[in-house]
Amino acid sequence: MKQSVTKPFDYYQASLNLQVFKMFIERFPNIVVNILLSYGSVNPDFLEYLDTYRHRIGKIILDCGTWTLNYAKNPDFKRITLDNYIRYLKRFGHLFDFYFNFDDNFTSSGVEKNQYNQKLMEDAGLSPVPVVHDIYGDEIDQYIYAEYKRVALGSSQVNSQRHMAQITRRFDGTGTELHLLGQSGIRLLGYFPISSSDSTLFANPGKMGFIKYWNPQRTGDEKTDTIYLEERISEKIKHKHMYSTYEYKKDLDAFLQNTFGLDYYDLVGKGSAVNKMLVNMYYAVQLEAEINRMHQGFGFTGRA
């Protein structure tokens with residue numbers, strides 16, 4: 001049976017490895033996760049998520065792939081165009097809970113270009129979520145005036161609680177759902193009426209030898225420890241929490257064994273990346289639950 005809890009906040013796991021997802025749903029059949037797929041990396045796994053395992057997923061959203069277009073070393077980047085994105089959404093858009101505008105200019109001066117793309121998509125009969133890249137100009141006011149039901153905050157300017165307070169005040173009372181792109185920090189997500197967020201920060205650390213641990217021994221709202229498992233010993237790697245000297249190593253070992261049936265040696269060496277990503281995927285679920293606990297305490301409803 002799926003969890004049936006009304007949540008004001010949804011966390012979308014991005015760059016999710018299909019093998020890890022299958023491991024997760026086998027171990028935790030009662031936990032529902034949300035997933036972000038990216039048009040920048042369309043592959044056969046999409047069909048698995050959208051069809052075969054759709055009943056095991058809460059919500060699925062689609063990123064336009066412009067991050068890949070701008071930053072990733074992708075030999076297939078020429079495929080990522082507005083015209084191709086529109087064609088893809090006309091065929092498959094109905095399979096996603098929502099999808100984003102083709103915001104290919106990430107600078108504060110790219111508002112006009114991105115809004116032009118938004119209009120072209122809307123003229124094609126689509127309903128993309130607009131993405132803010134300039135929190136200081138009148139871009140936000142334009143989206144409020146147009147009465148968009150959901151707006152995404154994609155600006156690199158959104159990097160502090162002060163910025164979040166300024167933005168959410170502007171949306172206060174509008175009923176708009178706010179999505180924060182590429183963020184997982186509880187300081188930004190827990191204390192403000194953000195409806196949803198996404199991040200790859202739980203998939204990528206596993207590939208690099210780190211696990212995320214929600215440490216119940218910590219005081220306060222933030223209980224995240226990021227632990228380096230010391231697979232590759234190097235003087236260049238200096239991390240706050242090294243596994244061998246971790247203060248709560250005994251608690252961590254008990255958590256890994258009781259929750260996943262894993263020990264330290266299952267998390268290091270050849271083929272261990274999927275186990276690390278499994279641990280981090282579970283951490284993301286814990287983080288989502290904690291953010292919802294905070295939102296419910298503050299009386300947030302998921303809308304500004």
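Side chains included, hydrogens not; waters and symmetry mates left out as well; all remaining heavy atoms used. Computed from a predicted structure; not experimentally measured.
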Subject >> Any side-chain heavy-atom pair of Leu180 and Phe192 under 4.5 Å >> reply: no

Subject >> Test item: side-chain donor near acceptor, Tyr39 and Thr66, under 3.5 Å >> reply: no

**OP:** Please state whether the rings of Tyr53 and Phe21 are parallel, tilted or perpendicular, taking 30° and 60° as the class boundaries.
**Re:** perpendicular

Subject >> Cation-pi check, Arg218 onto Tyr213 ring (under 6.0 Å, within 45° of axis) >> reply: no

Original post:
Out of His163, Gln166, Gln157, which one pairs with Tyr136 under the side chain to side chain donor-acceptor pair (under 3.5 Å) rule?
Top reply: His163

Original post:
Within the distance-only criterion (no hydrogens, no angle test), does the side chain of Thr81 pair as donor or acceptor with the backbone N or O of Asn84 below 3.5 angstrom?
Top reply: yes

Original post:
Does the separation of the ring centres of Phe255 and Phe260 fall below 6.0 angstrom?
Top reply: yes

Original post:
Can Arg87 and Asp83 be counted as an ion pair, charged N to O under 4.0 angstrom?
Top reply: no

Original post:
Can Arg293 and Asp221 be counted as an ion pair, charged N to O under 4.0 angstrom?
Top reply: yes

Original post:
Does a donor on one side chain sit under 3.5 Å from an acceptor on the other, for Glu139 and Tyr143?
Top reply: yes

Original post:
Between Asp51 (side chain) and Leu47 (backbone), is there a donor-acceptor pair under 3.5 Å?
Top reply: no

Subject >> Derivation and outcome, side-chain hydrogen bond (donor to acceptor under 3.5 Å, both in side chains), residues Gln142 and Gln115 >> reply: CA-CA 10 Å; Gln142 291 176 28; Gln115 289 183 338; 2.8 Å; yes

Original post:
So, does Arg54 use its side chain to make a donor-acceptor pair with the main chain of Ile57 at under 3.5 Å?
Top reply: yes

Original post:
Is the side chain of Asp97 donor-acceptor paired with the backbone N or O of Ile61 at a distance under 3.5 Å, no angle test?
Top reply: no

**OP:** For the residue pair Ile60 and Tyr12, establish whether any side-chain heavy-atom pair is separated by less than 4.5 Å.
**Re:** no

Subject >> Backbone of Asn34 reached by a side-chain donor or acceptor of Gln13 within 3.5 Å >> reply: no

Subject >> Gln118 side chain near Pro128 side chain, heavy-atom distance below 4.5 Å >> reply: yes

Original post:
Can you tell me how far CD1 of Ile211 sits from CG of Leu229, rounded to the nearest 0.5 angstrom?
Top reply: 5.0 Å

**OP:** Report yes if some heavy atom in the side chain of Ile227 is under 4.5 Å from a heavy atom in the side chain of Leu252; otherwise report no.
**Re:** yes

Subject >> Considering all heavy atoms, the nearest Pro130-Asn101 contact >> reply: CA-CB, 4.3 Å

Subject >> Tyr228: which of Tyr243, Tyr246, Phe210 passes side chain to side chain contact (heavy atoms under 4.5 Å, CB included) >> reply: Phe210

Original post:
Excluding sequence neighbours, so at least two apart, what forms salt bridge (charged side-chain N to carboxylate O under 4.0 Å, His left out) with Asp134?
Top reply: none

Original post:
Where the side chain of Asp103 meets the backbone of Val131, is there a donor-acceptor pair that is under 3.5 Å apart?
Top reply: no

Subject >> Leu178 side, atom CG; Leu181 side, atom CG - distance, nearest 0.5 Å >> reply: 11.0 Å

Original post:
Rounded to the nearest 0.5 Å, how far apart are CG of Asp263 and CG of Asp253?
Top reply: 8.0 Å

**OP:** Output the distance between atom CD (Glu290) and atom NE2 (His295), rounded to the nearest 0.5 Å.
**Re:** 10.5 Å

**OP:** Using the test side chain to side chain contact (heavy atoms under 4.5 Å, CB included), find all partners of Asn105 that sit at least two apart in sequence or belong to another chain.
**Re:** Thr107, Asn114

Original post:
Within the distance-only criterion (no hydrogens, no angle test), does the side chain of Gln296 pair as donor or acceptor with the backbone N or O of Phe298 below 3.5 angstrom?
Top reply: no

Original post:
Does Gln183 use its side chain to pair, donor to acceptor, with the backbone of Ser199 at less than 3.5 Å?
Top reply: no

Original post:
Is it true that Lys276 and Glu231 make a salt bridge, defined as a side-chain N closer than 4.0 Å to a carboxylate O?
Top reply: yes

**OP:** Say whether, by atom type as modelled, one donor and one acceptor occur between the side chain of Arg169 and the main chain of Met164 under 3.5 angstrom.
**Re:** no

**OP:** Measure the CG-NZ distance between Asp225 and Lys240 for me, rounded to the nearest 0.5 Å.
**Re:** 7.0 Å

**OP:** State whether the side chain of Glu177 and the backbone N or O of Val151 hold a donor-acceptor pair below 3.5 Å, judged by distance alone.
**Re:** no

Subject >> Spacing of Lys59 atom NZ and Tyr11 atom OH [to the nearest 0.5 Å] >> reply: 15.5 Å

Subject >> Within the 6.0 Å centroid threshold, strictly below: His179 and Phe100 >> reply: yes

**OP:** Taking the side chain as every heavy atom from C-beta outward, state whether Phe171 and Ile167 have any atom pair closer than 4.5 Å.
**Re:** yes

Original post:
Does a sphere of radius 6.0 Å around CD in Gln217 hold more than 12 heavy atoms from other residues, nucleotides or ligands, not counting ones at 6.0 Å or beyond?
Top reply: yes

Subject >> Residues, nucleotides or ligands: over 12 heavy atoms within 6.0 Å of Lys90 NZ >> reply: no

